[in-house]
Amino acid sequence: MSTVKQVSIDGEEKPVMHACGHDVHITSLIGTAHQMAARKDQWAGTLVLIAQPAEERIGGAKLMMDDGLYTRFPKPDYAMAFHISADTPTGQLSIGEGIASSSSDSVDIIVHGVGAHGASPHRGKDPIVMGAEIIMALQTIISREIAPLKPGVITVGSFHSGFKHNIISDKAVMQLTVRSDDEDTRAKLLEGIKRIATNVGRMNGLPEDKLPKVLVSHESTPANYNDAALTKRVKGVFAARFGEEVFDNKPREGMGAEDFAYLVEPNTDVPGVYFSVGGTPQADFDREKAGGAPVPSHHSPFFKIAPRESVTLGTEAMTAAALDLLSKND
C-alpha cells in the first residue's frame with residue numbers, strides 16, 4: 001500500500017497511489033507503439049496514440065477535444081481504448097456492443113443555515129438536519145421518479161459541516177456523484193437533485209436568498225457507447241488471436257464512467273470501442289470464493305493487479321486490433 005503524499009489540485013496534501021491502473025494503460029500504450037513500429041510492413045495509414053491526462057477527474061478528454069484534437073491532428077477513422085479491470089481475471093477480455101460506461105456528474109450541494117448554540121436549536125436553522133433530509137430524499141429520485149429498468153445512481157460521497165459538539169453550524173457542504181446510461185435519465189437526476197435541495201430549504205423556512213445551492217462541476221462525462229460494427233470486428237480479431245475462451249462474459253454490474261466518451265460522441269462521427277483487460281489473478285477470485293479475503297476493487301487502498309500479465313495482454317490486444325483496422329487490404 002502506498003505511503004506517498006502530494007499536494008492535490010485543490011491545494012491540500014493527500015495520499016496518492018496508482019489505485020485504478022492507469023500505469024498499466026500508459027505502459028501498454030508505449031508497448032503498442034513499439035509493436036506497431038516494428039511491424040510497419042504489415043499496415044498502412046496513420047496511427048494516432050493519445051496519452052490523455054486527467055482521466056480520474058474526467059476532464060482530460062474534453063479539454064483535448066476543446067483544444068482541437070481532431071482538427072490540429074489527424075481525425076481518426078476509429079478510436080479504441082481499454083481499462084484494466086480488477087473484477088476480471090488476468091488473461092481475459094471483456095467487450096460488448098452498446099453501453100460501455102455510464103455518464104458521470106460531480107455535484108456539490110451547499111446548504112446555508114443559521115448558526116446557534118446546540119442547546120438552543122430553535123434559535124437557528126440547522127444545515128446538518130437539512131442536509132440529512134436532502135440525502136434521504138435524493139434516493140426517492142431513483143426509486144420513484146426513474147423507470148425501474150433505467151439504471152441510475154446518486155451517491156453522496158462527502159458531507160461536511162461544523163467543528164464542535166455544541167455548536168450548530170451555519171453551513172453544510174455535500175459532494176455527490178451521479179450516474180446514468182442515457183441523457184434523458186441524466187437530465188431527470190440532475191433536475192431532481194436541484195428541486196429537492198431547493199425545496200428542503202423552503203420546507204425549513206429558509207428565505208429565498210439562503211436556499212441550498214446545487215453546483216454541477218465541469219468534472220462530467222456523457223455515457224460511452226461501443227459502435228456495433230466496430231465492436232463485432234474487434235471482437236472477431238480477439239477471438240482469432242486468443243481463442244473464444246479469452247472473453248469474460250459476465251454482465252455489467254457497476255456504473256463506472258470514462259471520458260473516452262468525448263472522443264466518440266455521435267457528433268464526432270468517430271466510431272469507438274472500449275474494452276476491459278483482466279487484472280486480478282484467478283487464484284485471488286478462488287480465495288474469495290472459498291471464504292478468504294475479498295478481491296480489492298478499484299480505488300481501494302489495497303488495489304493491486306498482476307502487472308506483467310495485464311500489460312502484456314493489453315498490448316497484444318491493442319496491437320492485434322490496430323493491425324486489423326490499418327490492414328493494407330482495406
Side-chain angles (χ1 to χ4, degrees), residues 8-10 14 19-20 22 52-67 69 81 83 98-112 130-160 172-201 211-226 252-268 272 274 297-299:
S8 71
I9 195 171
D10 58 13
K14 298 176 182 177
C20 208
H22 299 302
Q52 179 212 307
E55 187 275 342
E56 279 300 344
R57 303 186 73 97
I58 49 177
K62 185 177 187 304
L63 288 173
M64 294 184 82
M65 292 295 286
D66 291 346
D67 194 44
L69 180 64
H83 201 296
I99 186 72
S101 56
S102 300
S103 70
S104 175
D105 291 286
S106 295
V107 177
D108 295 308
I109 301 178
I110 302 171
V111 182
H112 294 287
M130 287 186 276
E133 290 174 328
I134 291 171
I135 291 170
M136 297 309 296
L138 290 178
Q139 302 313 310
T140 65
I141 302 174
I142 303 295
S143 65
R144 290 297 178 267
E145 297 188 35
I146 304 300
L149 298 183
K150 290 276 192 177
V153 165
I154 299 175
T155 294
V156 179
S158 173
F159 185 3
H160 292 282
V173 178
M174 288 173 278
Q175 294 179 311
L176 289 64
T177 187
V178 182
R179 309 295 172 108
S180 66
D181 281 355
D182 63 84
E183 287 300 305
D184 180 61
T185 302
R186 185 184 186 189
K188 287 180 179 178
L189 294 177
L190 294 175
E191 187 280 327
I193 292 168
K194 293 177 182 178
R195 170 170 41 83
I196 285 174
T198 299
N199 285 293
V200 163
L211 294 177
K213 296 283 190 286
V214 177
L215 307 173
V216 180
S217 168
H218 65 275
E219 293 181 6
S220 64
T221 182
N224 178 33
Y225 284 83
N226 281 345
R252 178 171 169 260
E253 294 182 341
M255 298 190 75
E258 168 57 63
D259 64 349
F260 176 72
Y262 283 111
L263 306 186
V264 295
E265 283 190 286
N267 62 6
T268 65
Y274 186 83
S297 67
H298 291 267
H299 294 201

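We use all heavy atoms of the structure for the numbers below, so side chains are in, but hydrogens, waters and symmetry mates are not.
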- Would you say the side chain of Pro212 lies within less than 4.5 Å of the side chain of His112, judging by non-hydrogen atoms? no
Do the side chains of Ile134 and Ile109 get nearer than 4.5 Å, heavy atoms only?
yes
Closest non-hydrogen contact found for Ser101 with Ile99 is O-CD1, 3.3 Å
Scanning both residues in full, the closest heavy-atom pair of Ala172 with Phe159 reads CB-CE1, 3.7 Å
Review point. When you check the side-chain N and O atoms of Ser220 and His218, is any donor under 3.5 Å from an acceptor?
Key: no
Any side-chain heavy atom of Val156 within less than 4.5 Å of one from Gln175? no
| said: Run Ser297 and His299 through side chain to side chain donor-acceptor pair (under 3.5 Å) and show every step you take. | reply: CA-CA 6 Å; Ser297 67; His299 294 201; over 6 Å; no
Looking only at heavy atoms, the pair that brings Ala223 and Asp181 closest together is CB-O, 3.9 Å
Backbone N or O of Met255 within a donor-acceptor pair of the Arg179 side chain at under 3.5 Å?
-> yes
Original post:
Is any side-chain heavy atom of Asp108 closer than 4.5 Å to a side-chain heavy atom of Met174?
Top reply: no
- prompt: Any side-chain heavy atom of Leu176 sitting closer than 4.5 Å to one from Thr155?
  reply: no
Evaluate the side-chain contact (heavy atoms from CB on, under 4.5 Å) criterion for residues Ile142 and Leu189: first the C-alpha distance (whole Å), next the side-chain angles of each, then the deciding distance (0.1 Å), finally the verdict.
CA-CA 8 Å; Ile142 303 295; Leu189 294 177; 3.5 Å; yes
(request) Could you verify whether a donor N or O on one side chain and an acceptor N or O on the other, from Ser102 and Arg186, lie under 3.5 Å apart? (result) no
Taking every heavy atom of Glu183 against every heavy atom of Pro222, the minimum-distance pair comes out as OE2-CB, 3.7 Å
Residue pairs passing the salt bridge (charged side-chain N to carboxylate O under 4.0 Å, His left out) test with at least one member in residues 130-156, sequence neighbours excluded, are Glu145-Arg195, Lys150-Asp182
Could you check if a side-chain atom of Lys188 sits within less than 4.5 angstrom of a side-chain atom of Ile141, using non-hydrogen atoms only? no
**Prompt:** Can you find a side-chain donor-acceptor pair between Ser180 and Ser103 that sits under 3.5 Å?
**Reply:** yes
**Prompt:** Do Val107 and Leu215 come close enough that some side-chain heavy atom pair is under 4.5 Å?
**Reply:** no
Residues Met64 and Pro53: closest non-hydrogen pair is SD-CD, 3.8 Å
side-chain hydrogen bond (donor to acceptor under 3.5 Å, both in side chains) pairs touching residues 254-265, sequence neighbours excluded, are Gln52-Asp259, Glu258-Tyr274
Under 4.5 Å between any side-chain heavy atoms of Val173 and Val111, yes or no? no
d(Met130 CE, Leu211 CG) to nearest 0.5 Å is 9.5 Å
When rounded to the nearest 0.5 Å, the distance separating CG of Asp105 from OG1 of Thr177 is 8.0 Å
Value for CD1 (Ile154) from CD1 (Ile196), rounded to nearest 0.5 Å, stands at 7.0 Å
So CG of Leu190 and OG1 of Thr185: to nearest 0.5 Å the spacing works out to 11.0 Å
Query raised in the report: Would you find more than 12 non-hydrogen atoms of other residues, nucleotides or ligands less than 6.0 Å from Lys213 atom NZ?
Result: yes
Review point. Backbone N or O of Glu219 within a donor-acceptor pair of the Ser217 side chain at under 3.5 Å?
Key: yes
| task | In sequence, state the C-alpha distance, the side-chain angles, and the governing distance for Val264 and Asn224, and then conclude on side-chain contact (heavy atoms from CB on, under 4.5 Å). | result | CA-CA 8 Å; Val264 295; Asn224 178 33; 3.5 Å; yes
